[in-house]
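Taking it in order: structure first as structure tokens, then the write-up.
Residue numbers begin at 1 in each chain, while the letters A, B, ... track the order of the sequences. The figures here come from the full heavy-atom set of this structure, side chains too, leaving out hydrogens, waters and symmetry mates.
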Protein chains: 2
Amino acid sequence: MDRTNAGAEAGTGRTGLTGAAGVNLPVLRSHNTALVLDLLRTAGAEGISRLELAERTGLTPQAVSKITARLRDEGLATEAGRRASTGGKPPTVLRLVPEAGHAVGLHLDRDELRAVMVDLTGTVVGERRTSLDLGAGAEAVVDAVAEEAGALMVGASGAGSVLGVGIALPGPLDHNRGVLHRVTGFPEWDGFPLRDALARRLGGPVVVDKDTNAAALGLAVSGESGSFAYLHLATGLGAGLVIGGAVHRGARTGAGEFGHQVVQLDGPPCGCGGRGCVEALCLAAVAHGALDEAAHVLGTAAGNLVALLDIDLVLLGGRTITAAPDTFLRGVRTVLTERAERLGEDPVPVRLASGGVAEGAAQLVLARLFSPSRA
Amino acid sequence: MDRTNAGAEAGTGRTGLTGAAGVNLPVLRSHNTALVLDLLRTAGAEGISRLELAERTGLTPQAVSKITARLRDEGLATEAGRRASTGGKPPTVLRLVPEAGHAVGLHLDRDELRAVMVDLTGTVVGERRTSLDLGAGAEAVVDAVAEEAGALMVGASGAGSVLGVGIALPGPLDHNRGVLHRVTGFPEWDGFPLRDALARRLGGPVVVDKDTNAAALGLAVSGESGSFAYLHLATGLGAGLVIGGAVHRGARTGAGEFGHQVVQLDGPPCGCGGRGCVEALCLAAVAHGALDEAAHVLGTAAGNLVALLDIDLVLLGGRTITAAPDTFLRGVRTVLTERAERLGEDPVPVRLASGGVAEGAAQLVLARLFSPSRA
DNA sequence: TCCACTTTCACAACGCTGTTGCCAAAGTGC
DNA sequence: GCACTTTGGCAACAGCGTTGTGAAAGTGGA
């Protein structure tokens, strides 16, 4: 992490301004630059021509030429051959330079820590995995995390260009301040300023987020567009919401509390103190081997979400889902299709999510480069 | 409607671009201008000084001076005296010129049509009300709407400066295209291009939206900030969602389908074909005089919404609510407070909504002036 | 009464942004 | 070959917010 300006206060998220922010020329410049970088990333190894960038951004070709010239100077982009002519001068293809920047992503699960180093395109260039006891106390966990992240940064090829570290872990937390709250099953974490603690240890920007949000961001980057919900069913049930390409976190960054949506008034009690929560109903059904019932309950809650937010897509993930993917896909699809038929609409597609949480955590860091406005 | 460029294609909503849009200088200019106008509107009759505008927007005082000079040239803003000195030159106070522009807002309910003309500050300067049969056929309704809107525009003082007409009506519809869908109880409206039909008749921009969205927008303009949900309980149950100051409509502009959130698996059948919908449960309880139960059900669904989106505020409105406001406030608050206590959070406030739907419909038009990016 | 000081805000010069006009490069197709 | 199309660089330009300077108009102490 060689940025002199990198410190604990980086990655704060929102600006502290009360209202909406004015746009001055530096803001305009960085916005358009990020937009071009994002399109370069999306284009992948194939690349994209200047003229196409101009069409997609709505900027003039000349503006795009200026921006891409800057990016080439900075080493972030490069020319990559030419495409076949369509009757005139063949377009020069531009592409991202993957090794121009890297990010570390960590996934802290209840019993395991997975760390990856990715390049600018999101490709994993280094990986470590170790067992971890989230209940072993803050110091031990911070030590382990710093060790793994440090080892990746030293060992991997792009150690000199690491932009920051992203961390995903279960349970609600304060994304803006990087403070943990109510990590399920580990009350001792409540109030721990994980971001600042790690930023001091690692000496670079650190971003902390809920695991489902990281997973959703990873999915958004790897091709899922528009608005979708990522539903994660494992030891618990949670969601990550992407609305208009941006992760929706809400005012206190607690959005996506999907597991405790009540779908059965006066239903069986849930560990949260409420009654009839989806999580409780789903997990009880799974425990009894009634996977069809679990899928039906999950589908009903997903239907509520689709109706409320009018999203484009539902993605399913988590160990319980991957243990019986077809059952859950079928069950959720059935509920959503019935709903759509009643309304005369096309049903919202339901698919399995692919991609790791650690990779998504790394995207928390890269988001500042490619889409600062929707990070 | 004296804008030469005003036509049926105005008010389309989103740009057709696939991805995010580049920001060029005209976009930057109009964004900052709208931002200043919005702050002037918020300041109201008191006004606001240039320096304060600079602080709030993040722009330099000089940039604000340039922008406000343009606004004064255009007649949208004016100087309004001075404030007391705080040790130096006393600040000159700027305020909006209310009569510089007007908008017509219409609320088409099942049996009534209410039309208002508002000035730039949202103050009602003209009002008409007439009975209406939404089932009388498209032609008759369009005639009635055109008549009322026309009468307001001719009769009111600011007839020459009407920016457009906003229309709110029940049921899901396509806000982007201005086409109706599934107006509850009136299937004959399905697919009717209301916006274009009225734009031709009235010769100016027309914006169409769901009544709950219009009400929510009206509330957002009249002081409610941040993210909130407006829940409307009358002959049906619907919601308008405001996320980050902007009305959330979703991909197919169908978001806010709150009435058919399922909160009772295998509950009693609902008119929508589903089972255990909040609307059915709530209205059944109201019909039996069990208002406490209705409020509890409503509160549970509101709790789901708060958990999922992490919003700041819940606002209640609609005839059924206003018939027994305390009962519903108490019931919803109880559920939300219990939930907050379980999580160790502050409970989300619940309040009664104030403001008419027609006024909110007028804001659909004004939004293009004050906040085009979040219209 | 005078004068130093603060605050507000306008004017002029400036730097940076995207834009326009022009032209060279490099192909296709008749 | 030659006309044509498409791509994209260079230079001049216009428009935006920014910086520097100073006038205007108060306060408050000497």
Nearest-Å distance, [atom1] ([X]) to [atom2] ([N])?
X      : N       : atom1 : atom2 : answer
L94(A) : dT7(D)  : CG    : C1'   : 12 Å
E79(B) : dA24(D) : CD    : P     : 16 Å
L35(A) : dT17(C) : CG    : C1'   : 16 Å
L28(B) : dT19(C) : CG    : C1'   : 15 Å
I67(B) : dC16(D) : CD1   : C1'   : 9 Å
L51(B) : dA25(D) : CG    : P     : 18 Å
R29(B) : dA14(D) : CZ    : C1'   : 12 Å

What contact category does P91(B) fall into here, base, sugar-phosphate, or nothing, at under 4.0 angstrom with non-hydrogen atoms?
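Sugar-phosphate, backbone atoms only, no base.
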For V206(A) against L198(A), the heavy-atom pair lying closest together:
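In terms of heavy atoms, the two residues are closest at CG2-C, 4.0 Å.
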Of R70(B) and E52(A), whose closest DNA chain D nucleotide lies nearer the 5' terminus?
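Residue closer to the 5' terminus by nearest nucleotide: E52(A).
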Please figure out whether R50(A) or V23(A) has its closest DNA chain D nucleotide nearer the 5' end.
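Its nearest nucleotide being more 5', the pick is R50(A).
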Side chain to side chain contact (heavy atoms under 4.5 Å, CB included) with [X]: which residues, sequence neighbours excluded?
X       : answer
T123(A) : D119(A), T121(A)
D174(B) : N176(B), R177(B), V179(B), H181(B), T253(B)
T78(B)  : R95(B), V97(B)

Could you pick out which residue, P26(A) or V93(B), lies toward the 5' side of DNA chain C when each is mapped onto its nearest nucleotide?
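Final value for this comparison: V93(B).
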State whether [X] places a side-chain N or O below 4.0 Å from either non-bridging phosphate oxygen (OP1 or OP2) of [N].
X      : N       : value
T60(A) : dT19(C) : yes
T92(B) : dT8(C)  : no
N24(A) : dC16(D) : no
N32(A) : dT17(C) : no

What residues form a salt bridge (charged side-chain N to carboxylate O under 4.0 Å, His left out) with E52(B), not counting sequence neighbours?
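Here the qualifying residues are R56(B), R83(B).
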Please name all residues satisfying salt bridge (charged side-chain N to carboxylate O under 4.0 Å, His left out) with E79(A), sequence neighbours left out, ordered by chain then number.
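With neighbours one apart ignored, the set is R50(A), R72(A).
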One character per nucleotide, please: for nucleotides 21-30 of chain C, 5' to 3', B when the base has a protein heavy atom closer than 4.0 Å, S when only the sugar-phosphate does, - otherwise.
----BBBS--
So that I can tick it off, tell me whether D38(B) and R41(B) are bridged by a salt bridge, with the cut-off set at under 4.0 angstrom between side-chain N and carboxylate O.
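Salt bridge flag = yes for D38(B) with R41(B).
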Name the closest nucleotide to the K66(A) side chain, picking from dA13(C), dG18(C), dC16(C).
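Per side-chain heavy atoms of K66(A), the pick is dG18(C).
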